[in-house]
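Written below as structure tokens is the structure these notes are about.
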Amino acid sequence: MPIAKKRFIHKNTDKNTEFHHHEPVLHLIRSIQYRNPEHLELLFREAEQLEDLDKANALPRPLAGKIIATLFFEPSTRTRFSFEAAIQKLGGSLLTAENAAGNSSAVKGETLEDTIRTVNGYADAIVMRHFEEGAAERAAAVSNVPIINAGDGAGEHPTQALLDLYTIKKEIGRIDNFTIALIGDLVYGRTVHSLLPLFAERDNAKINLVSPDALKLPEQYRRMLEKKNVSFREFRALGPAIRSADVLYVTRVQKERFKNPGDYEKVKDSYVINKKVLSAIKKTAVILHPLPRVNEIAPEVDADIRAAYFRQVRNGLYVRMALLSLILGSKN
Ligand code: NCD
């Protein structure tokens, strides 16, 4: 099984879960669970194959008979739709709470743990997005079915990082020996937090961190990079940070995480990738963005071949299909 990290393969010892069983359950909580290059390769190969099969109208149905719940306590377009499309393309069916914070029993005061225990009675896996860091781990602690973290506050967003890495591989042909500029909100951006541990496992990934002082990478991630001997530098301006970059990874300033709206206003338009910036980067560079974008990439950039963010969106579908089929697919 590819998603191997002991901590997230556990027997549920929660006495309150009625549907108690003793099989180990695989959860995907953090990107580091994919630190092993062989597991990554397997995932990427599976994604490529599923894309080919989809184009040939010949997809298998490994999720036939499975019900997967998408439980979203925070807004989403790409993540939820791509999971839901992936599930249905592979023959599975869905239970959806696209506004779990407003429409589920959370409104009545139900704890996350009780909601998860309940959904355990109906679903074979749960794809969950939540506004609190650590929520996915809390859910996994009481769940007998796999929890797939689709974003936990400013914590992690592992499936996004996997599809980002897959996109880098497709776009520049490699996931070792590259320079990436991570631009924007490094303090709250969970996609960046999930990407960094994966980069740290690669050979010779050079990382340029570009942010205003108020949005600098948190200490814990900086320490992790240092410990892993990853070459990284911090910048306030785009200039030298993007000139040598093979990948520009642009992020939105995470407005919803700011306690004080005035602080958001000060930094919201720190960087804008426009035509002028395009003329300053490598001809072979690619521009990624997990989306949604606000002002950080001007629409005039979209027509440039180096703008890869909508191809990245499409890759998300196949990487999520691959993940689901590896975690849940029937072997026959
Ligand atoms: C990101 C997220 O939700 O963290 N979006 C996504 O899943 N593609 C990025 C963001 O919201 O800025």
Side-chain angles (χ1 to χ4, degrees), residues 1-12 17 19 21-51 53-54 59-72 79-96 116 119-120 122-130 135-152 156-166 194 198 315-332:
M1 275 295 187
I3 300 166
K5 188 169 185 223
K6 268 219 174 84
R7 215 165 133 216
F8 297 113
I9 300 178
H10 70 181
K11 286 184 186 155
N12 189 350
T17 308
F19 311 95
H21 66 109
H22 296 281
E23 293 289 309
V25 179
L26 287 165
H27 305 289
L28 177 54
I29 308 297
R30 294 183 206 284
S31 63
I32 195 67
Q33 291 172 257
Y34 267 95
R35 64 149 68 81
N36 182 330
E38 280 169 33
H39 296 165
L40 264 185
E41 241 164 69
L42 179 71
L43 178 74
F44 291 176
R45 236 187 359 255
E46 181 84 6
E48 260 163 24
Q49 276 168 12
L50 287 167
E51 178 164 5
L53 289 166
D54 192 25
L59 280 173
R61 296 171 65 81
L63 301 187
K66 298 260 160 63
I67 296 177
I68 292 125
T70 53
L71 198 55
F72 276 63
T79 305
R80 187 171 63 83
F81 278 177
S82 63
F83 264 112
E84 295 187 355
I87 289 160
Q88 296 182 88
K89 275 175 178 281
L90 295 176
S93 34
L94 276 175
L95 292 173
T96 303
I116 295 295
V119 180
N120 261 251
Y122 317 131
D124 298 293
I126 299 172
V127 179
M128 186 182 92
R129 169 170 288 185
H130 199 278
E137 204 159 346
R138 272 173 57 205
V142 297
S143 185
N144 281 326
V145 300
I147 300 288
I148 299 177
N149 182 6
D152 61 321
E156 285 224 22
H157 192 350
T159 66
Q160 180 70 42
L162 291 168
L163 79 89
D164 293 342
L165 205 59
Y166 181 72
S194 279
L198 290 179
N315 291 336
L317 172 67
Y318 295 112
V319 169
R320 290 183 171 123
M321 285 170 78
L323 271 169
L324 289 164
S325 92
L326 290 169
I327 296 175
L328 280 177
S330 55
K331 295 286 163 285
N332 39 35

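FYI, the numbering just counts along the sequence from 1.
Rounding to the nearest 0.5 Å gives a distance of 13.0 Å between CD of Q88 and CG of L59. For the atom pair I147 CD1 and L26 CG, the distance stands at 12.5 Å (nearest 0.5 Å). To the nearest 0.5 angstrom, K89 atom NZ is 13.5 Å from L324 atom CG. Rounding to the nearest 0.5 Å gives a distance of 14.5 Å between OH of Y166 and OG1 of T159. The CG atom of L94 lies 11.5 Å from the CZ atom of F83; values are rounded to the nearest 0.5 Å. The distance from atom CG of N144 to atom CG of D124, rounded to the nearest 0.5 Å, is 12.0 Å.
Inter-residue side-chain proximity for L95 and L71 is flagged as unmet; no heavy-atom pair is nearer than 4.5 Å. Looking at heavy atoms from C-beta onward, E84 lies out of side-chain contact with V127 at the 4.5 angstrom threshold. Between L165 and V319, the closest side-chain pair of non-hydrogen atoms is not below 4.5 Å. By the 4.5 Å heavy-atom criterion applied to side chains, S325 and E46 are counted as neighbours. At least one side-chain heavy atom of L40 sits under 4.5 Å from a side-chain heavy atom of L162. Using a 4.5 Å heavy-atom cutoff, the side chains of P60 and L53 are in contact. Counting heavy atoms from C-beta outward, D152 and M128 have side chains that stay 4.5 Å or more apart. Side chains of I327 and I148 form a contact here, defined as non-hydrogen atoms less than 4.5 Å apart.
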Could you go step by step and tell me if H27 and E137 meet the side chain to side chain contact (heavy atoms under 4.5 Å, CB included) rule? CA-CA 9 Å; H27 305 289; E137 204 159 346; over 6 Å; no
Can you list the steps and then say if N120 with V142 is a side chain to side chain contact (heavy atoms under 4.5 Å, CB included)? CA-CA 9 Å; N120 261 251; V142 297; over 6 Å; no
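Here the closest heavy-atom approach between residue G151 and residue H157 is recorded as N-ND1, 4.1 Å. In terms of heavy atoms, S31 sits closest to L198 at O-CD2, 3.4 Å. Closest non-hydrogen pair, L43 versus A322, comes out as O-CB, 3.7 Å. Summarising the geometry of I29 relative to A140, their closest heavy-atom pair is CD1-CB, 4.0 Å, with the distance given to 0.1 Å. A pairwise comparison of heavy atoms in R129 and F72 identifies CB-CD2, 3.5 Å as the closest pair. Residues A86 and M321 share a closest heavy-atom pair of CB-CG, 3.3 Å.
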